[in-house]
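Have a look at the structure below, then the notes.
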Amino acid sequence: MNRVLGKHGWTLGLLALLVLLFGITRIIQPNFGASGLDSLSRAALPFAFATAAMVIVVIAGGIDLSVASMMAVAGVTAAVLMEGAGTGGTLFAVAVVLVAGLAMGALNGALIVVTRVPDIVVTLAMLFVWEGVALLILKAPGGTATPWLREMIVGPLVFAWLPKSLVFLAVCLAAVWVPLKRSKLGLSIYAIGSDELAAYRSGVSVGRTRIAAYALCGLLSAIGGLTLTMSTGNGEPIPGPYLLASVAAAVLGGAVLGGGRGALLGPVIAVFVLRLVRMDLTLASVDPNVTTIVEGTIMVAVVMLGGVLAMRRRRA
């Protein structure tokens, strides 16, 4: 028991906090039920995928400021390709979006490795590049999502309290994370984030591993953009508020900004904690402007705390 608490204590604490917030939600809104949980899960989907994307590059010792822009490119691409498409066309659109996500992430990583410019500078520049690409594809919200694809994340699955969106999130993340964590690539990502020089001396191809980490970040960002289109029914070329939220959830979930430590479960729980805080403030009829201020303050505080801890870790 002590070993479990020592290894997963932070994640269990976040889970307890989530349960507490659900209790507060029921107090504020006594009729909060399965439909409310379904709405919360669908709202959290793009944030969860953006956070998962960020976690992988953070573990590798980097950061990607273009996550939200890549999501926008993926979302509008899916919306345009799925307009009037049948089953075959929809599957083709999904495949194109996933490949595009991998390509965007790999390009980010390649630029960082080849130019040796800090990742924060490269990805900040690519943020504007991918935002421009999204606007070239779709100048205003439009396109559509195939109805049967939208139904994959709307409503309950088998039980009223089991949202399809939550199952979709778990399946997609498990399909990427479980094989990665058990693979040589996964070990290499942790190694370069923990100590790049030691990893290099151990035979790890640092450049290729970094590119692979950013490619996976692009893939998960693309899935996040796809889920956003599935949820809203159209494509939105303007990036949403996913960048700071993904960094905050990653840090709150236990990922260390210096690299080498982290997993997916804690950050995903942190996403739901942050979304539930916003929902509770809204249900409590708090002014939307105040809600935004509170949410932003929490995110900035978490990110700043993560930065301080990372600096202390480097000095130690």
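Predicted, not measured: the structure shown is a model, and the values here were computed from it.
Counting heavy atoms from C-beta on, the side chains of V58 and V256 never come closer than 4.5 Å. Contact annotation: the side chain of T144 never approaches that of N234 to less than 4.5 Å [non-hydrogen atoms, C-beta and beyond]. Within the 4.5 Å cutoff, the side chain of S165 has no heavy atoms near those of the M152 side chain. Counting only heavy atoms from C-beta outward, the side chains of M71 and P46 approach each other to under 4.5 Å. Looking at heavy atoms from C-beta onward, W130 lies in side-chain contact with L107 at the 4.5 angstrom threshold. Two residues are said to be in side-chain contact when any heavy atoms from C-beta on lie closer than 4.5 Å; L166 and L37 fail this criterion. You'll find the side chain of L274 reaches within 4.5 Å of the side chain of I298, heavy atoms only. Side-chain contact check for V76 versus V133: every heavy-atom pair is 4.5 Å or farther apart.
For the salt bridge (charged side-chain N to carboxylate O under 4.0 Å, His left out) condition, the pairs that include at least one residue of residues 33-52, sequence neighbours left out, are D38-R42. Residue pairs meeting the side chain to side chain donor-acceptor pair (under 3.5 Å) criterion with at least one member in residues 19-36, sequence neighbours excluded, are T25-D280, Q29-N31. Under the salt bridge (charged side-chain N to carboxylate O under 4.0 Å, His left out) criterion, the residue pairs touching residues 199-214 are E196-R210, with sequence neighbours excluded.
The nearest pair of heavy atoms linking G235 to L138 is O-CD2, 3.8 Å. When every heavy atom of G142 is checked against every heavy atom of A79, the shortest pair comes out as O-CB, 3.7 Å. Closest approach of S221 to A53, counting heavy atoms only: OG-CB, 3.5 Å. When all heavy atoms are compared, the tightest approach of D64 to C217 is OD2-SG, 3.6 Å. Of all non-hydrogen atoms in L185 and A212, the two that sit nearest each other are CD1-CB, 3.7 Å. Closest of all the heavy-atom pairs between A52 and L173 is CB-CD2, 3.7 Å.
V176 and Y190 fall within a single hydrophobic cluster, where Ile, Leu, Val, Met, Phe, Trp and Tyr are joined by side-chain heavy atoms under 4.5 Å apart, directly or via other members. When the side chains of ILVMFWY residues are joined at heavy-atom separations under 4.5 Å, either directly or via intervening members, V67 and V99 end up in two distinct hydrophobic clusters. Under the 4.5 Å side-chain heavy-atom criterion for grouping Ile, Leu, Val, Met, Phe, Trp and Tyr, L127 is connected to L220 within one hydrophobic cluster. When the side chains of ILVMFWY residues are joined at heavy-atom separations under 4.5 Å, either directly or via intervening members, I211 and L102 end up in two distinct hydrophobic clusters. L264 and L187 fall into different hydrophobic clusters, defined by Ile, Leu, Val, Met, Phe, Trp and Tyr side-chain heavy atoms under 4.5 Å apart, directly or through other members.
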Derivation and outcome, side-chain contact (heavy atoms from CB on, under 4.5 Å), residues T291 and R278: CA-CA 7 Å; T291 298; R278 182 176 181 84; 3.9 Å; yes

Derivation of the side-chain contact (heavy atoms from CB on, under 4.5 Å) call for V206 and L197: CA-CA 9 Å; V206 175; L197 180 58; over 6 Å; no

Derivation of the side-chain contact (heavy atoms from CB on, under 4.5 Å) call for Y200 and S205: CA-CA 6 Å; Y200 173 76; S205 177; over 6 Å; no

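With values rounded to the nearest 0.5 angstrom, L45 atom CG is found 11.0 Å from I223 atom CD1. The distance from atom CE of M279 to atom CG of L40, rounded to the nearest 0.5 Å, is 4.5 Å. A distance of 12.5 Å separates CD1 in I27 from CG in L283, rounded to the nearest 0.5 Å. Taking CH2 of W177 as the start and CZ of R182 as the end, the distance is 12.0 Å to the nearest 0.5 Å. Here CD1 of I153 is found 6.5 Å from OG1 of T227. Values are rounded to the nearest 0.5 Å. If you take CG on L226 and CG on L228, they are separated by 9.5 Å, rounding to the nearest 0.5 Å.
Between the T297 side chain and the I293 main chain, a donor and an acceptor come within less than 3.5 Å of each other. Between the side chain of Y242 and the main chain of S69, no donor-acceptor pair closer than 3.5 Å is present. Panel note: side chain Y214, backbone G62; no donor-acceptor pair is recorded below 3.5 Å. The closest donor-acceptor contact from the side chain of S194 to the backbone of A191 lies at 3.5 Å or more, if one exists at all. Although no hydrogens or angles enter the test, the distance criterion places no donor-acceptor pair under 3.5 Å between the side chain of K181 and the main chain of G186. Between the side chain of T292 and the main chain of P288, a donor-acceptor pair closer than 3.5 Å is present. Remark: the backbone N or O of G75 is paired with a side-chain donor or acceptor of T229 at under 3.5 angstrom.
Side-chain contact, N108 with S66: a donor N or O sits under 3.5 Å from an acceptor N or O. For the residue pair T146 / T90, a side-chain donor-acceptor distance below 3.5 Å is found, with atom types taken as modelled.
Atom CG of L91 is surrounded by more than 12 heavy atoms from other residues, nucleotides or ligands within 6.0 Å.
Between F168 and F49, the ring planes are perpendicular. Angles over 60° get that label, and only those under 30° would be called parallel.
Residue V122 forms a side-chain contact (heavy atoms from CB on, under 4.5 Å) with just one option from L65, I112, V114, V113, and that option is I112.
Figure legend: R275 and F47 shown as a cation-pi pair, the cationic atom lying under 6.0 angstrom from the six-membered ring centre and within 45 degrees of its axis.
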